[in-house]
Asker: 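Sending over a structure as structure tokens; questions will come in a sec.
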Amino acid sequence: MAMPFPQALTIAGSDSGGGAGIQADIKTMQMRGVFATSVLTAITAQNTRGVAHIEMASVASVRAQLAAIAADFDIAAHKIGMLGTTEMIACVADCLRTCRFGALVLDPVMVAKGGAPLLQNDAIAALKTHLLPRADLVTPNLPEAELLSGQAIRSEADVARAAASLLALGAKGVVIKGGHWQESGSAICRDWVFLADETFTLDSPRCATPHTHGTGCTFSACITAELAKGAAMADAIRSSKAYISAAIASPLNIGHGHGPVNHWAGGGDDV
């Protein structure tokens, strides 16, 4: 008998420009050989130049979407991206208590690439209370790690302290992404990984390109896909670092602003 095809879920907002959010997650999971299901939390009108409009989905709609997925699919891993409001965070957290969705990757989406806020300020506490304790992995960039931990990050020692704060809140693992690191003359983009049984860093060449829209979504979606296929957490993170590095290094040159990463780059699940 054939093994069930791996299935994953993304809970996130829609990006009309196709480079981030639900669209990036589905593209990534497809490239990694995983069937993607989705729950839409918001509709954004955006392109590579910025976000023009955000409309949140209703709580009733999100509850119905999650119930429909739970009733029919074997979700081996799931990720959460844009939630936007305290009400949406509470809704998703409540629904997940009765869903068997496998490992959870939490990408704490707070600000769009162009600077538009995607999470209300009063929702940060709700994210820390309701979802961080459920997360098998949380994947903040440096500004998000500062907001979640409540401390400035200016050194690698600060990175470790911020990660310790997130682990103390209940997350089982943390990746702090270093794309925003502004070391003078640095040619390396470093991510810091803190798991229950090991700590390590992942380096890649820093690419001089504005086409980095969707990097966080793509990275976390790739980890989710690898976990759905049964990979160990550390291996899933390493594979995803290789995938997103290739996606950034081979830009599509689409749009006139922060263009999308290349989800075709690096091939599929052999990366």
Asker: Give a yes or no on whether V92 and I43 share a hydrophobic cluster (residues Ile, Leu, Val, Met, Phe, Trp, Tyr; joining criterion: side-chain heavy atoms under 4.5 Å apart).
Answerer: no

Asker: For the backbone of H256 and the side chain of T48, can you confirm whether one donor and one acceptor N or O come within less than 3.5 Å of each other?
Answerer: yes

Asker: Let me confirm one number: the OG-CG distance from S165 to L148, rounded to the nearest 0.5 Å.
Answerer: 10.0 Å

Asker: Do you know which two heavy atoms are closest between V174 and L137, and how far apart they sit?
Answerer: N-CD1, 3.6 Å

Asker: Calculate, to the nearest 0.5 Å, the distance between atoms CD1 and SG belonging to I69 and C99 respectively.
Answerer: 9.5 Å

Asker: Using only atom types and a distance under 3.5 Å, with no angle test, would you say the side chain of T224 pairs donor to acceptor with the backbone of A77?
Answerer: no

Asker: One pair to check against side-chain contact (heavy atoms from CB on, under 4.5 Å): M29 and F35. What are the steps and the verdict?
Answerer: CA-CA 7 Å; M29 291 175 181; F35 183 83; over 6 Å; no

Asker: Is it true that a side-chain atom of D136 and a backbone atom of V105 form a donor plus acceptor pair closer than 3.5 Å?
Answerer: no

Asker: Nearest 0.5 Å, what's the CG-NE2 distance between D15 and H213?
Answerer: 4.0 Å

Asker: Going from CD1 on I248 to OG1 on T215, what distance comes out if it is rounded to the nearest 0.5 angstrom?
Answerer: 5.5 Å

Asker: For the pair I80 and L96, evaluate side-chain contact (heavy atoms from CB on, under 4.5 Å) and give the outcome as yes or no after the intermediate values.
Answerer: CA-CA 11 Å; I80 295 175; L96 290 181; 3.8 Å; yes

Asker: Counting only N and O atoms by type, is there a donor-acceptor contact under 3.5 Å from the side chain of H211 to the main-chain atoms of G259?
Answerer: yes

Asker: Is there a donor-acceptor contact under 3.5 Å from the side chain of K229 to the main chain of R32?
Answerer: yes

Asker: Return yes if some donor-acceptor pair links the side-chain N/O of T201 with the main-chain N/O of W192 below 3.5 Å, else return no.
Answerer: no

Asker: Considering only heavy atoms from C-beta outward, does the side chain of R190 approach that of V159 to under 4.5 Å?
Answerer: no

Asker: Evaluate the side-chain proximity of F219 to D107: yes if any heavy-atom separation is below 4.5 Å, no if none is.
Answerer: no

Asker: Quick one: closest heavy-atom pair of T86 and A123, and the distance?
Answerer: OG1-CA, 3.3 Å

Asker: Given the rule that I, L, V, M, F, W and Y join up when any side-chain heavy atoms are under 4.5 Å apart, are I153 and L202 in one cluster?
Answerer: no

Asker: Main chain of S240, side chain of E226: is a donor-acceptor contact present, judged purely on distance under 3.5 Å?
Answerer: no

Asker: Among the clusters formed by ILVMFWY side chains lying less than 4.5 Å apart, do V138 and V175 turn up in the same one?
Answerer: no

Asker: Main chain of G17, side chain of Q46: is a donor-acceptor contact present, judged purely on distance under 3.5 Å?
Answerer: no

Asker: Evaluate the criterion side-chain contact (heavy atoms from CB on, under 4.5 Å) for residue pair F5 and D74; output intermediate values, then yes/no.
Answerer: CA-CA 9 Å; F5 203 83; D74 297 318; over 6 Å; no

Asker: Are I237 and K241 packed together at the side-chain level, in the sense that at least one heavy-atom pair is separated by less than 4.5 angstrom?
Answerer: no

Asker: Going by heavy atoms in the side chains, are V62 and C95 under 4.5 Å from each other?
Answerer: no

Asker: Is there a path of hydrophobic side-chain contacts, each under 4.5 Å between heavy atoms, that joins I11 and I26?
Answerer: no

Asker: Between the side chains of H263 and T218, is a donor N or O closer than 3.5 angstrom to an acceptor N or O?
Answerer: yes

Asker: M56 and G84: which non-hydrogen atoms are nearest, and at how many Å?
Answerer: CE-CA, 4.2 Å

Asker: To check you understand the geometry: which heavy-atom pair defines the closest contact between P140 and L166, and what is its length?
Answerer: CG-CD1, 4.0 Å

Asker: Could you pull out all residues at least two apart from S250 that satisfy side chain to side chain contact (heavy atoms under 4.5 Å, CB included)?
Answerer: N262, A265

Asker: Verify the neighbour count for atom CD of E146: are there more than 12 heavy atoms of other residues, nucleotides or ligands below 6.0 Å?
Answerer: yes

Asker: Evaluate the side-chain proximity of K79 to C217: yes if any heavy-atom separation is below 4.5 Å, no if none is.
Answerer: yes

Asker: What distance separates I223 CD1 from T28 OG1, expressed to the nearest 0.5 Å?
Answerer: 11.0 Å

Asker: Where the side chain of H258 meets the backbone of P210, is there a donor-acceptor pair that is under 3.5 Å apart?
Answerer: yes

Asker: State plainly whether the residues K177 and D191 are in salt-bridge range, i.e. N to O under 4.0 Å.
Answerer: no

Asker: Given L142 and I176, is the side-chain contact (heavy atoms from CB on, under 4.5 Å) satisfied, shown in steps?
Answerer: CA-CA 6 Å; L142 286 168; I176 296 182; 3.7 Å; yes

Asker: Looking only at non-hydrogen atoms, find the nearest pair between T44 and S14 and report the distance.
Answerer: OG1-O, 2.6 Å

Asker: When you compare the side chain of I75 with that of R100, does any pair of heavy atoms fall below 4.5 Å?
Answerer: no

Asker: Show the nearest heavy-atom pair for residues G19 and A24, with the distance to one decimal.
Answerer: O-CB, 3.3 Å

Asker: Mind checking the CD1-CG spacing from I89 to D94? Nearest 0.5 Å is all I need.
Answerer: 13.5 Å

Asker: Hey, any chance W264 and Y243 share a hydrophobic cluster, counting ILVMFWY side chains that come within less than 4.5 Å of each other, even indirectly?
Answerer: yes

Asker: K27 side chain to G18 main-chain N or O, any donor-acceptor pair under 3.5 Å?
Answerer: yes

